[in-house]
Amino acid sequence: MKVLVTGANGQLGYDVVRLALQKGHEVFAATRHELDITHLDETRRVISMQMPEAVIHCAAYTAVDAAESDADTAFRVNAYGTRNVALASEEVGARLVYVSTDYVFDGCANQPYSEHHPTAPQSVYGKSKRAGEELAQMVCRRLMIARTAWVYGEHGNNFVRTMLQLGRTREVVRVVDDQIGSPTYTRHLAAALLALSEQDVYGIYHLTGGGHCSWYDFAAEIFRLASLPARLEPCSTIEFPRPAPRPAYSVLDNLALRVNGMPRLPAWQDGLRAYLQEIGEYKEGNVDV
Ligand SMILES: NC(=O)c1ccc[n+]([C@@H]2O[C@H](COP(=O)([O-])OP(=O)(O)OC[C@H]3O[C@@H](n4cnc5c(N)ncnc54)[C@H](OP(=O)(O)O)[C@@H]3O)[C@@H](O)[C@H]2O)c1
């Protein structure tokens, strides 16, 4: 199958390209340089020249806090850029997998959000991603929306890397324990996105690592598996004010995977272990040595 990946140089896009190649697909890895999705003509030209059977759309404006004071850029990329990709995909008859986010929900629930729970994004970033979902649904028939959360991978800055750095350079590291979600490893997510792109299983999917935890729990597992020396302390979100509100509870129910008989992603702890092994930071066996 020929697959075109947008945002190919990003944390997720990089692993989607790598895995697609490993699976023997023909891949066009579109970085921003090859394809700036904010230009409709360029998007149409590149996608019609490549004629992919599937487009995995990973490009996004992901600066969640900066988006609060730059809504135009967030919407230009995440909403209308996604419309451009959706329109161009529709015109060549390609399946489109659009990667979206848990930030489309308000975070006030106390049980996992299914794909059919009403959305209520609280941040500019969340609103721009939700607008991208709606615009894609308007123009593309062969569409799968894949919402994910708390993503980390080899090719990018993320929470795990920050903890590895702080855990070695600080005596005490404080991490919020009142936001709950599901950490998701890019390699596990990439496999699920590729599986969607190979089938006519249109609809919305929640693709996150199995289980859930707080950021503090996540940090504690990173500290344990990487044998980091710093002391970890819990704190609350109000002690760390940020420009963009974060959903307090953003656990996603994987209902669509379940009822369509598709495999769920491995547990978040397994994703973390695999990631630490991949980047040479897994020290669990050495803890008591
Ligand atoms: N990271 C998370 O925790 C998380 C959680 C939920 C959902 N998601 C979603 O997952 C997807 C992938 O996220 P990620 O973590 O891989 O983000 P990322 O590392 O920031 O990658 C995004 C990529 O999009 C590219 N891009 C930005 N504007 C573009 C444009 N106008 N045209 C073409 N490419 C453009 C960026 O290129 P440059 O490198 O040139 O800027 C970057 O390579 C996004 O849709 C994001 O919304 C992420």
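Every number for a ligand or one of its atoms is a count from 1 in the order of the listing. Below, all heavy atoms of this structure are taken into account, side chains as well, without hydrogens, waters or symmetry copies.
When Gly126, Cys58, Ser250, Gly153 are checked for heavy-atom proximity to atom 12 (C) of ligand 1, Cys58 turns out nearest. Across the listed options Val77, Val99, Thr31, Val99 owns the non-hydrogen atom lying nearest to atom 10 (O) of ligand 1. With distances taken over non-hydrogen atoms, the option nearest atom 30 (C) of ligand 1 out of Thr6, Asp36, Leu35 is Asp36. Compare Trp150, Phe159, Tyr125, Tyr80 by their heavy atoms: the one nearest to atom 8 (N) of ligand 1 is in Tyr125.
At a threshold of 4.5 Å between non-hydrogen side-chain atoms, the residues Tyr282 and Leu225 count as touching. Using a 4.5 Å cut-off on side-chain heavy atoms (C-beta onward), Arg246 and Val64 make contact.
The shortest N/O to N/O separation between Thr62 and ligand 1 falls below 3.5 Å. Checking only distances, Val151 does come within under 3.5 Å of ligand 1, N or O to N or O. Between Arg32 and ligand 1, at least one N/O pair is under 3.5 Å apart. An N or O contact shorter than 3.5 Å is missing between Ser100 and ligand 1 by distance. In terms of polar-atom proximity, defined here as any N/O pair under 3.5 Å, Leu12 does make such a contact with ligand 1.
In this structure, the protein non-hydrogen atom closest to atom 32 (N) of ligand 1 is Ile37 N, 3.1 Å. The protein non-hydrogen atom at the shortest distance from atom 21 (O) of ligand 1 is Gly10 CA, 3.4 Å. The protein atom (non-hydrogen) at minimum distance from atom 15 (O) of ligand 1 is Gln11 NE2, 3.1 Å. Of the protein's non-hydrogen atoms, Ala59 CB, 3.4 Å is the one closest to atom 34 (N) of ligand 1. Considering only non-hydrogen protein atoms, atom 6 (C) of ligand 1 sits nearest to Thr148 O, 3.3 Å. Scanning the protein heavy atoms around atom 27 (C) of ligand 1, the nearest turns out to be Ala60 O, 3.3 Å. Among protein heavy atoms, the minimum distance from atom 45 (O) of ligand 1 is reached at Lys129 NZ, 2.7 Å.
Taking every heavy atom of Thr38 and a limit of under 4.0 angstrom, the matching atoms of ligand 1 come to 31 (N). Close approach to Asn9 involves these atoms of ligand 1, each under 4.0 Å from a residue heavy atom: 43 (O).
Within the structure, the closest approach of Ala63 to ligand 1 does not fall below 4.0 Å when heavy atoms are considered.
Ring planes of His117 and Phe105: perpendicular class, angle over 60° (limits at 30 and 60°).
A donor-acceptor distance shorter than 3.5 angstrom exists from the side chain of His206 to the backbone of Asp253, with no hydrogens or angles considered. Looking at Glu281, its side chain never comes within 3.5 Å of a backbone N or O of Gln277 through a donor-acceptor pair. Using modelled atom types, no side-chain atom of Gln179 and backbone atom of Ala248 make a donor-acceptor pair closer than 3.5 Å. Not a single donor-acceptor pair under 3.5 Å links the side chain of Ser250 to the backbone N or O of Pro247.
Distance remark: protein heavy atom present below 4.0 angstrom from atom 3 (O) of ligand 1.
With sequence neighbours left out, the salt bridge (Lys or Arg N to Asp or Glu O under 4.0 Å) criterion links Arg141 to Glu90.
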| message | What verdict does the side chain to side chain donor-acceptor pair (under 3.5 Å) test give for Tyr202 and Arg142, after you've listed the backbone C-alpha separation in whole Å, the side-chain angles of each residue and the deciding distance to 0.1 Å? | response | CA-CA 6 Å; Tyr202 311 125; Arg142 311 186 78 194; 2.9 Å; yes
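Residue Trp150 forms a ring pair (Phe, Tyr, Trp, His ring centres under 6.0 Å) with just one option from Tyr185, Trp215, Trp268, and that option is Trp215. A side-chain hydrogen bond (donor to acceptor under 3.5 Å, both in side chains) with Ser100 is found for one member of His57, Glu133, Arg147 and no other, namely Glu133.
Within the structure, every pair that satisfies the salt bridge (Lys or Arg N to Asp or Glu O under 4.0 Å) test and touches residues 267-277, not counting sequence neighbours, is listed here: Asp270-Arg273, Arg273-Glu284.
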